[in-house]
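Scroll down for the structure; my scribbles are underneath it.
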Amino acid sequence: AKMVLLDLPVDALERVLWYLDVRTLGRACRTCRALRGVGAEPRLWRVWRELQDPDHPVWLLQPPATASHAACIVGDTLWVHGGGNYKTCFTKVFPALSALDLRTGRWKTTTMLPLPRLAEHTMVVTDSRELLVYGGTNGSNLTFDDHEGFYVETNMSIFENGAQVVSKWLINTVKSPRRRSSHVAVVSNDKLYVFGGWDGYDTMEDLWRLDLKTQEWELLHPSGEKPGRRRTHSAVLFRGGLYVFGGYCECSECSRSFADVHRLDLDALTWRMLPATGNVPSPRGRCGVAVDEEGGRMFVLGGWNRVDMFSDLYMFDLATFVWTRVDAELPRELQSGICQHTLSVWCPVPGITVLVLFGGYVAADFSNKTYTFRL
């Protein structure tokens with residue numbers, strides 16, 4: 001079978017390899033010299049593919065079509081929580097915590113206590129493998145200052161049969177941030193950092209730090225070129241820095257969208273607006289942002305400027321501060337623009353980095369599809 005496969009013309013071989021998932025394709029190209037040249041062909045990789053198991057009912061255990069949800073990757077599992085859609089007028093957002101096996105394209109069951117119904121919240125992975133949820137709205141213009149931890153068992157074999165999840169409320173101290181949604185949050189060295197957002201009345205610019213060991217909040221006063229008030233912005237953590245991109249402000253001080261990048265040094269607590277050059281994306285918020293830690297790159301996909309939606313993909317070099325537009329045409333159903341989705345980075349095997357897109361608002365409708373793009 002191997003010899004027959006290798007005797008195929010290059011264009012036919014490309015079509016055969018097209019049907020392999022990213023993980024299998026990467027292994028095949030790494031172990032077989034004859035496949036490496038074809039496997040490196042940009043036409044084979046530089047496309048978005050819908051991720052699903054053709055032998056598995058797509059609707060089974062799959063979360064509903066949703067936007068303004070939260071998602072993150074732990075190992076080979078994409079975790080998705082909450083979100084909502086305008087078909088329910090955001091009066092009833094979703095409480096589900098869903099898990100997608102990125103190796104097989106199958107959604108898995110989770111065992112948990114009742115979870116909060118939230119949208120426009122954040123979910124991050126802690127050093128102790130907790131999925132930590134903070135803030136958000138229940139769809140009735142109410143936002144929350146509670147934070148809740150979903151503990152994920154560290155035994156990876158449990159992920160194969162459905163992760164065991166325990167929901168627990170963490171203790172709020174008297175000194176804590178105002179309730180908010182549309183903020184950003186990252187975890188570094190057992191500390192949760194929360195910046196900006198919207199409390200239902202005002203766009204905020206405050207920066208808070210929660211010690212996850214002592215459960216104590218602290219309002220920080222960093223120096224430098226501060227980002228200012230903003231919401232629906234995005235953020236990534238990279239080498240001791242919090243990188244904030246885009247968003248918009250609607251308050252007495254301003255009413256505009258942003259395309260700038262600010263870096264907060266988490267040790268020195270200093271802000272710096274980075275002198276970005278190159279093909280800078282247009283101002284936007286509600287976009288998908290993810291960081292490739294190995295390559296030192298931040299990716300921005302889609303978004304909304306309060307008038308138009310976007311379908312473009314940009315790469316920001318975190319060492320040179322140069323923007324580049326990536327040649328990555330979205331599937332036809334997403335080409336009119338996408339926002340309120342999530343973008344994550346997955347490394348199925350060493351040397352291969354994959355962007356994972358889930359959900360979002362698309363062409364006056366909502367999505368619950370998952371797409372992958374190999375960088």
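When reading the values below, keep in mind they use all heavy atoms of this one structure, side chains included, and skip hydrogens, waters and symmetry mates.
- S311 pairs by the side chain to side chain contact (heavy atoms under 4.5 Å, CB included) definition with L330, not counting sequence neighbours.
- Ring centers of H183 and Y134: under 6.0 Å apart, within the cut-off.
- Side chain of D127 to main chain of D190: a donor-acceptor pair is present (N/O by atom type, distance under 3.5 Å, no hydrogens or angles).
- Y248 carries R306 over the face of its six-membered ring, with the cationic atom under 6.0 Å from the centre and within 45° of the normal.
- No side-chain N or O of S181 forms a donor-acceptor pair with one of H121 less than 3.5 Å apart.
- The backbone N or O of T270 lies less than 3.5 Å from no partner atom in the side chain of D265, so there is not a single donor-acceptor pair.
- Taking the centre of each ring, F358 and W107 come in below the 6.0 Å mark.
- Taking the six-membered ring where tryptophan is involved, the planes of F321 and F316 are essentially parallel, since the angle between them stays under 30° and well short of 60°.
- Looking at R180, its side chain does come within 3.5 Å of a backbone N or O of R178 through a donor-acceptor pair.
- Panel note: side chain N85, backbone A65; a donor-acceptor pair is recorded below 3.5 Å.
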Please lay out, stage by stage, how L207 and L219 fare under the test side-chain contact (heavy atoms from CB on, under 4.5 Å).
-> CA-CA 6 Å; L207 175 68; L219 176 61; 5.8 Å; no

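- Checked by atom type and distance alone, the side chain of S182 never pairs as donor or acceptor with a backbone atom of W198 at under 3.5 Å.
- Note on D260 versus R230: salt bridge recorded, some NZ/NE/NH1/NH2 to OD/OE distance being below 4.0 Å.
- No side-chain donor-acceptor contact under 3.5 Å links R209 to the backbone of L192.
- With hydrogens and angles disregarded, no donor-acceptor distance shorter than 3.5 Å links the side chain of E216 to the backbone of L210.
- Screening residues 277-290 for side-chain hydrogen bond (donor to acceptor under 3.5 Å, both in side chains), with sequence neighbours left out, gives E120-R286, S282-R284, R284-D312.
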Go through V289 and M298 one step at a time and tell me if the side-chain contact (heavy atoms from CB on, under 4.5 Å) criterion holds.
-> CA-CA 7 Å; V289 173; M298 180 176 72; 3.7 Å; yes

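- Between F195 and W271, the distance from one ring center to the other falls under 6.0 angstrom.
- Within a 6.0 Å sphere centred on CD of E333, other residues, nucleotides and ligands contribute more than 12 heavy atoms.
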Determine, step by step, whether D211 and K213 satisfy the salt bridge (Lys or Arg N to Asp or Glu O under 4.0 Å) criterion, reporting the C-alpha distance in whole Å, the side-chain angles of both residues, the deciding distance to 0.1 Å, and the verdict.
-> CA-CA 5 Å; D211 189 313; K213 293 182 178 179; over 6 Å; no

